[in-house]
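Take a look at the structure set out below.
Ligands are counted one by one from 1 in listed order, and the atoms in each one are counted from 1 as well. Just so you know, residue 1 is the first one in the sequence shown, and it goes up from there.
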Amino acid sequence: MATIIRGKDVADHVLSGVKADVAALLARGIEPCLAVILVGDDPASQVYVRKKKEKCAELGIRSLEFTLPAETKQEELLALIAKLNSDPGVHGILCQLPLPKHLDEQTIVRAVRPEKDVDGFTCRISADAERDLMPCTPAGVMEILRYAGISVAGKRCCVVGRSNIVGKPMATLLLLADGTVTVCHSRTKDLPAVTREADILVAAVGKPRFITADMVKEGAAVIDVGVNRGADKKILGDVDFDAVEKKASFITPVPGGVGVMTIAMLMKNTVRAAALQNPAGQDS
Ligand code: GUN
């Protein structure tokens with residue numbers, strides 16, 4: 001039976017470090033500040049934005065909310081981002097996705113200065129990773145692996161899913177940690193044969209219970225990034241948890257696994273952004 005890795009334990013560990021970083025910034029007269037932009041009235045986005053603001057308040061991070069009507073023009077949104085980009089009191093900018101269809105998501109995302117892009121969407125994961133704000137969900141998975149004592153170096157890693165937000169940056173982070181990485185997707189031939197090779201299997205496909213026990217190597221660490229709604233509105237992961245749990249050495253549940261890490265990493269990125277924008281030794 002696998003050890004179940006609870007996301008909350010890992011998130012609490014990360015957030016205790018964030019709290020210490022906030023205290024250090026406040027002691028220098030710097031109040032970390034996150035600007036959250038919400039365009040339109042998508043109910044799920046409203047819930048996400050509220051949760052992010054609540055977490056900021058809990059940690060002593062200032063948050064500013066900009067709620068814009070669904071019919072906001074692209075130029076208006078770009079003007080707001082430009083204003084926040086040049087405001088030294090704002091350290092992080094987040095534009096909640098999805099955006100209304102008439103807005104070009106790529107253009108909006110790229111308009112945020114990389115130093116303030118706390119979602120890590122513009123991150124190219126450079127060799128100078130110390131200065132990068134990593135994409136939150138993949139960075140959260142790396143924290144989970146570290147916390148559970150699962151080393152990546154030399155391991156066979158398989159990422160199922162190639163999205164820009166999760167799959168691709170996940171593969172890069174595993175590669176940076178010296179894993180041997182394969183990325184699978186809808187066109188991969190004989191997917192189970194590939195996933196069965198993996199010591200570390202990350203599922204980010206967006207299909208409920210897609211990863212079945214026959215696709216998992218005995219003793220693998222299985223990380224489930226999936227958030228799918230079942231017919232009864234219950235949240236289901238990408239992994240058939242009950243069956244895979246019997247075969248894996250480590251597994252993350254859904255809900256209660258990777259999900260809580262995304263917001264924790266957003267908070268970590270925000271205080272990191274504030275620190276990087278205010279290097280020590282430059283205080284007045
Ligand atoms: N929509 C769903 N997840 C996210 C996220 O992590 N960041 C932003 N900005 N929008 C999202």
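- More than 12 heavy atoms of other residues, nucleotides or ligands lie within 6.0 Å of NZ in Lys247, so this atom counts as buried by the packing criterion.
- Proximity of Cys95 to ligand 1, defined as any heavy-atom pair under 4.0 Å, is confined to the backbone N, CA, C and O atoms.
- Only the side chain of Asp119 comes within contact range of ligand 1, with a heavy atom under 4.0 Å; no backbone atom does.
- The shortest N/O to N/O separation between Leu97 and ligand 1 falls below 3.5 Å.
- Within 6.0 Å of atom OH in Tyr48, 12 or fewer heavy atoms from other residues, nucleotides or ligands are found, so the atom counts as exposed in its surroundings.
- Partners of Asp12 under the salt bridge (charged side-chain N to carboxylate O under 4.0 Å, His left out) rule, at least two apart in sequence or in another chain, are Lys8.
- Under 4.0 Å from ligand 1, the heavy atoms of Phe121 that appear belong solely to its side chain.
- Remark: Arg146 engages Glu143 in a salt bridge, criterion side-chain N to carboxylate O under 4.0 Å.
- Summary of contacts: the protein heavy atom closest to atom 11 (C) of ligand 1 is Gln96 NE2, 3.3 Å.
- The pair Arg113-Glu115 meets the salt-bridge criterion, since a charged nitrogen lies less than 4.0 angstrom from a carboxylate oxygen.
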